[in-house]
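What follows is a single structure, written as structure tokens, with notes after it.
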Amino acid sequence: MSEDKKLPDPSALKEEILAKYPPKIARKRAKSMVINDSKLDQEVQSNVRTIPGIITQRGCTYAGCKGVVLGPTRDIINLVHGPIGCSFYAWLTRRNQTDPGPEGPDGENFINYCFSTDMQDENIVFGGEKKLKQAIQEAYDIFKPKAIGVFSTCPVGLIGDDVHAVSREMKEKLGDCNVFGFSCEGYKGVSQSAGHHIANNQLFRHVVGNDDTKPEGQFNINLLGEYNIGGDGFEIDRIFQACGINVVCTFSGNSTMGAFERSHTADLNLVMCHRSINYMAEMLETKFGIPWMKVNFIGGESTAKALRKIGEYYEDEALIAKIEEVIAEELPKVEARAAEARKRTEGKLAMLFVGGSRAHHYQELFKELGMETVSAGYEFGHRDDYEGRKVLPTIKVDADSRNIEELKVEPDTERFNPRASEIKLETLQEKGMEVSDYKGMNTDMADNALIVDDITHWETEKLVDFYKPDIFCAGIKEKYVVQKSGIPLKQLHSYDYGGPYAGFEGAINFYTDIETMLSTTIWKKLKAPWLAKTDTDPCICAEYVA
Amino acid sequence: MLLRHTPKEIKERKALTINPAKTCQPVGAMYAALGVHGCLPHSHGSQGCCSYHRSVLTRHYKDPIMAGTSSFTEGSSVFGGQANLMQAISNMFTIYNPDLIAIHSTCLSETIGDDLNQIVDKATTDGKVPEGKNVIFCNTPSYVGSHVTGFSNMCAGIVKGLAKHTGVAKDQVNIMPGWVEPSDMREIKRIAAEMLAKIVMYPDTSDVVDTPQTGEFKMYPDGGATVEDIASSGDSIKTLALGSWASEDAAKLLDSKFKVPYEVLDIPVGLSATDRFVEALSNAAKVPVPASFVAERGRLVDVVSDMSQYLYGKKVALFGDPDQLIPLTEFLLDLDMVPTHIVSGTPGKKFTEKIKELCAEKAPNVNVMNGKQADIFQLHQWIKNEPVDLLMGNTYGKYIARDEELPFVRYGFPIIDRIGHSYFPTVGYTGGIRLLEQILGALMDKIDASADETKVELVM
């Protein structure tokens, strides 16, 4: 970042924010608010407990496990063991699109259904295992699914129901149905992030590697950390298909159990959302020898870059040529649309507080629109998502993280097969490709940008007041808070029910949607005309003259 | 088909709930607490509860929904959540300066046995509650009842924490409106004002979750029943509790604590329930029913008589909450429609009894079920076995409506794919006209869209 484009120094803002907090809390929050300086290695305190009462964006472990990672898979019955609410709130609210089309109109798709054991007080007192068993049996009898996932909610862990034992027993009893459990009680960990890890573990333990059928394509990849929200995965699949790249499995947008089972047969893992799925990438590499690369399909340029990385990995001239052909066909349309949109977006300011990757990825799209990201942060990211994986060895494992199981993975005695030599991977790494690596968000941000982890409501208000951004990106809980302040908010969990935003067509959609939001007339008419007038204007409530 | 796996054949279920017609207690407590002015609701449990409840309420109202959480970790789940709650209370008053905090529990804090009474006492003794501020609370174990139970429990919590008795009787009537929309609460206040009846109504979420866009965010919007008004309810002449499930417990508590007698009425949805409400308010407040109400009522009756040919004999499937379903069923019967399948996930034996009693004459074969396994999956299976002409329920009904090609009127909670419920009431005579407009619109849109080209009618 050159000096002349340097963002305003937010030091005074940070002080003002912290001044409101009691001293102990101010000290803690100060470590999660970092004024970016590219010359320094700066630690962003993250993945630590949220302070009670502070008003956080964060959700729970169950949400990360059932909602995020397992939610998008269509042919598994996700049975939530707990009181009714947990299953109810995760029912269709994440917009995971799925297409059972290939299996015909009768293809299995349970995504539109919500399953729960609806625990009652007697189940809390006397235990809920019996009811869980019965519920699994009933689900099987009615739907005959090939898999049932059982998700523990808070009280289940407390009363000691053993969902894993029940699942094992029922799997054996049913014979042709893979039943397995997740200990994803909401109180575990400090955010959704713990739930992602738990989901990765159980998918790896119970599903991945169950089917050794080799894929038919020439270039077989898995796409990890892409959840097909608003059809993102469909757009990426379209591009892959055009390039002749075969997707064995997406974790977990538009996925099926069968695809998970065969995922260990791919040559390469591409990681989109590093936070939610890096565990799977690492385990697949250790056990089966599949290398992984960080990619980003958010943004036209990023999409082209990600495709070229795949070409470089395979070192296949025909593939490289095909990829270039696709880019040459698609990218100019994207650039033309960006150029048009920039007339209205150039120089505008954006802020992003969302997710564990999105706050980073979407900065690309804003760059393409000529917009500046003045402040950003994750809801449930870890230090490596900010500072890069180079800090992994220095991250202190606290009690909350220690409670989340780390699977001990060894190379598979028969199926371990390193897809690429160490030398090749090192060469790719030297070329600047993030092989088994992620450089994090900070390095892509301007100096003086304010990085805030697990932002609180108070901080949100102060930031909006200080920067007066043209657009704020966050989730549904923040949406109307920010909009009531007169600033449009783009939801980056649900895309405000639009999208896709990934890939080439997604970029075009995003430009159009941001252009629309910045050009919407109503934001200029928030004040009643008689109130908008200055003091010197004639008063409309002039004295009544008889 | 969206719900392609729902079979026509009904198998008995004892343990599995599929597509629930209810959610859990705490969200109701959060909504009720928002109906007190200057109140910051607080969820004593894991972060996810608070996040989910704020999310669904935000989607329903498209307005800011603020609340705190105790952010339980594994440690607090083992050692108890007292430290978290004490810290939360202190932080919320310091950082967010509400007039009061309304705490509700969750299945987590209930299962470990956190004693809210004791913790709030300790917070007060330890000076964590600033002078002139209040902390109220209620228990909302998610494994008992439903979201309606949670609303009811917070209403009782409001009475317990804020209502007072000065010994000087006040010439006013308390109204507990039940779980209705801000538009409905506004309409109830308008009806009372038009009757010149002096009322105190709580909770009152109008001007809290339907706030104007002025470019200024207010953490504590202008609306909500004030602490002073609620305090005065212990001196009122009488309480009208609208909806037995949501309002009766609070009214009963006010009676037992302060000898304010109460009467339970249906939420005034439709003609007959509104008639009863107007008469009850007139009697309680000792004010005459104004002439204007004859006209208001007459307009509703006029629409029904004008359009009855489109309504008569049409079969309706409904799902939602007991307090709404009961007067709605009565209204449908007044319209000569036929309530055919009715489910509510909210338990309570008197629901099915009441529905059967209402339907005894005109719809004796009504299928009705509530509580365990009374879910939308069951309703859908009933519809497959005995088709209907109209479906009424929350947004989740649209999957059935699309599969079965049914006209669909959104009614209840949550409605997360349409607007209107915040602004246009369905209570009172005028609200009845809105319901009719929606019902007729849905039925006639289908007629228009599906009629043979030779049979399309210009005038209807």
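Chain identifiers are assigned alphabetically (A, B, ...) following the order of the sequence lines, protein sequences preceding nucleic acid strands; residue numbering begins at 1 within each chain. Note that this is a predicted model, so its numbers are computed, not measured.
- Side-chain contact check for B:T58 and A:Y480: no donor-acceptor pair (N or O, by modelled atom type) lies under 3.5 Å.
- When heavy atoms are compared at a cutoff of 4.5 Å, A:R49 approaches chain B solely by way of its side chain, counted from C-beta outward.
- Counting heavy-atom neighbours within 6.0 Å of A:K468 NZ, excluding the residue itself, gives a total above 12.
- Interface summary for chain A: among B:C107, B:A83, B:G68, the most heavy-atom pairs under 4.5 angstrom belong to B:C107.
- Aromatic rings of B:F377 and A:F143 (six-membered ring for Trp) have centroids within the 6.0 Å cut-off, being under it.
- Of the residues considered (B:V144, B:V27, B:V56, B:T73), B:T73 shows the highest number of contacts with chain A, using heavy-atom pairs under 4.5 Å.
- Most heavy-atom pairs under 4.5 Å with chain B: of the set A:Y113, A:Y497, A:Y62, A:F115, this distinction falls to A:Y113.
- Of the possible donor and acceptor atoms, none in the side chain of A:D118 sits under 3.5 Å from a partner among the backbone N and O of B:T17.
- In plain terms, the two heavy atoms of A:K477 and B:S51 that are nearest each other are NZ-OG, 2.9 Å.
- Interatomic distance, CD1 of A:I17 versus CD1 of B:I95, reported as 12.0 Å (0.5 Å rounding).
- Atom NZ of A:K527 has more than 12 neighbouring heavy atoms from other residues, nucleotides or ligands inside a 6.0 Å radius.
- The candidate from B:M66, B:H42, B:E12 with the greatest count of non-hydrogen atom pairs under 4.5 Å with chain A is B:M66.
- Each of A:N109, A:L79, A:N123, A:T153 has some count of heavy-atom pairs under 4.5 Å with chain B, and the biggest count is that of A:N109.
- Only the side chain of A:E461 has a heavy atom closer than 4.5 Å to any heavy atom of chain B.
- With a 4.5 angstrom heavy-atom cutoff, B:A67 touches chain A only via backbone atoms.
- For the atom pair A:I77 CD1 and B:L16 CG, the distance stands at 7.5 Å (nearest 0.5 Å).
- Of the possible polar contacts, none joining the B:Q213 side chain to the A:L526 backbone as a donor-acceptor pair under 3.5 Å is found.
- The two residues A:I54 and B:Y96 make their nearest non-hydrogen contact at O-OH, 2.6 Å.
- Of the two parts of A:I124, only the side chain, counted from C-beta on, holds a non-hydrogen atom closer than 4.5 Å to a non-hydrogen atom of chain B.
- Under 3.5 Å, the side chains of B:Q47 and A:T56 contain no donor-acceptor pair of N or O atoms.
- Interface check for chain B: of the options A:Q120, A:K20, A:Q134, the most heavy-atom pairs under 4.5 Å are formed by A:Q120.
- In this structure, A:L158 CG and B:I112 CD1 are separated by 7.0 Å, a value rounded to the nearest 0.5 Å.
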After noting the C-alpha distance and the side-chain angles of B:S76 and A:Y187, does the key distance pass the side-chain hydrogen bond (donor to acceptor under 3.5 Å, both in side chains) rule? CA-CA 9 Å; B:S76 24; A:Y187 55 74; over 6 Å; no
Step by step, would you call B:R13 with A:D141 a side-chain contact (heavy atoms from CB on, under 4.5 Å)? CA-CA 10 Å; B:R13 286 175 283 133; A:D141 290 345; over 6 Å; no
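- With a 4.5 angstrom heavy-atom cutoff, B:P212 touches chain A only via backbone atoms.
- For chain B, the nearby part of A:Q57 is the backbone; its heavy atoms alone come within less than 4.5 Å.
- With rounding to the nearest 0.5 angstrom, the CZ atom of A:F110 is 10.0 Å from the CD1 atom of B:I18.
- Heavy-atom distances place no part of B:S146 under 4.5 Å from chain A, backbone and side chain included.
- Note: A:K130 NZ to B:K14 NZ = 10.0 Å, rounded to the nearest 0.5 Å.
- Chain A forms more heavy-atom pairs under 4.5 Å with one residue of B:G75, B:S90, B:P64 than with any other, namely B:P64.
- In terms of heavy-atom pairs under 4.5 angstrom with chain B, the leader among A:C60, A:C114, A:G486 is A:C114.
- The environment of A:K524 atom NZ is dense: over 12 non-hydrogen atoms of other residues, nucleotides or ligands sit within 6.0 angstrom.
- Residue contact with chain B, scored on non-hydrogen atoms closer than 4.5 Å, involves the side chain of A:D400 exclusively.
- With chain A as the partner, the residue from B:I101, B:L108, B:T69 showing the most heavy-atom pairs under 4.5 Å is B:L108.
- Heavy atoms of B:K218 lying under 4.5 Å from chain A are absent altogether.
- With a 4.5 angstrom heavy-atom cutoff, A:I25 touches chain B only via side-chain atoms.
- Counting heavy-atom pairs closer than 4.5 Å to chain B, the top residue among A:I522, A:I159, A:T93, A:V80 is A:T93.
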With side-chain contact (heavy atoms from CB on, under 4.5 Å) as the criterion, how do B:D63 and A:K484 come out once you've worked through the C-alpha distance, each side chain's angles and the decisive distance to 0.1 Å? CA-CA 8 Å; B:D63 237 37; A:K484 281 275 151 77; 2.4 Å; yes
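- Remark: A:K144 NZ is packed, more than 12 non-hydrogen atoms of other residues, nucleotides or ligands lying under 6.0 Å away.
- Heavy atoms of other residues, nucleotides or ligands lying less than 6.0 angstrom from NZ of A:K28 number more than 12.
- Both the backbone and the side chain of B:L2 come within contact range of chain A, judged by heavy atoms closer than 4.5 Å.
- Not one N or O on the side chain of B:Q87 forms a donor-acceptor pair closer than 3.5 Å with the backbone of A:I51.
- Looking at B:I89, neither its backbone nor its side chain comes within 4.5 Å of chain A, counting heavy atoms on both sides.
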Would you please test B:F217 and A:V464 for side-chain contact (heavy atoms from CB on, under 4.5 Å) and show each step? CA-CA 11 Å; B:F217 167 73; A:V464 164; over 6 Å; no
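- Residue B:M219 touches chain A through its side chain alone, counting heavy-atom pairs closer than 4.5 Å.
- For chain A, no part of B:M1 is nearby; none of its heavy atoms comes within less than 4.5 Å.
- Heavy atoms closer than 4.5 Å to chain A are found in the side chain of B:P7, but not in its backbone.
- B:T6 touches chain A through backbone and side chain together, each having a heavy atom under 4.5 Å away.
- B:S46 touches chain A through its side chain: at least one heavy atom from C-beta onward sits under 4.5 Å away, while N, CA, C and O do not.
- Your options are B:K22, B:E216, B:K11, B:M92, and the one with the most heavy-atom pairs under 4.5 Å with chain A is B:K22.
- Note that the CG atom of B:N91 and the OH atom of A:Y21 stand 9.0 Å from one another [nearest 0.5 Å].
- Your options are A:P52, A:S191, A:S116, and the one with the most heavy-atom pairs under 4.5 Å with chain B is A:P52.
- Of the two parts of B:L85, neither the backbone nor the side chain holds a non-hydrogen atom closer than 4.5 Å to a non-hydrogen atom of chain A.
- A:F88 pairs in a ring pair (Phe, Tyr, Trp, His ring centres under 6.0 Å) with only one of the listed residues (B:Y396, B:F413, B:Y52), which is B:Y396.
- Summarising the geometry of B:C24 relative to A:G85, their closest heavy-atom pair is SG-CA, 3.6 Å, with the distance given to 0.1 Å.
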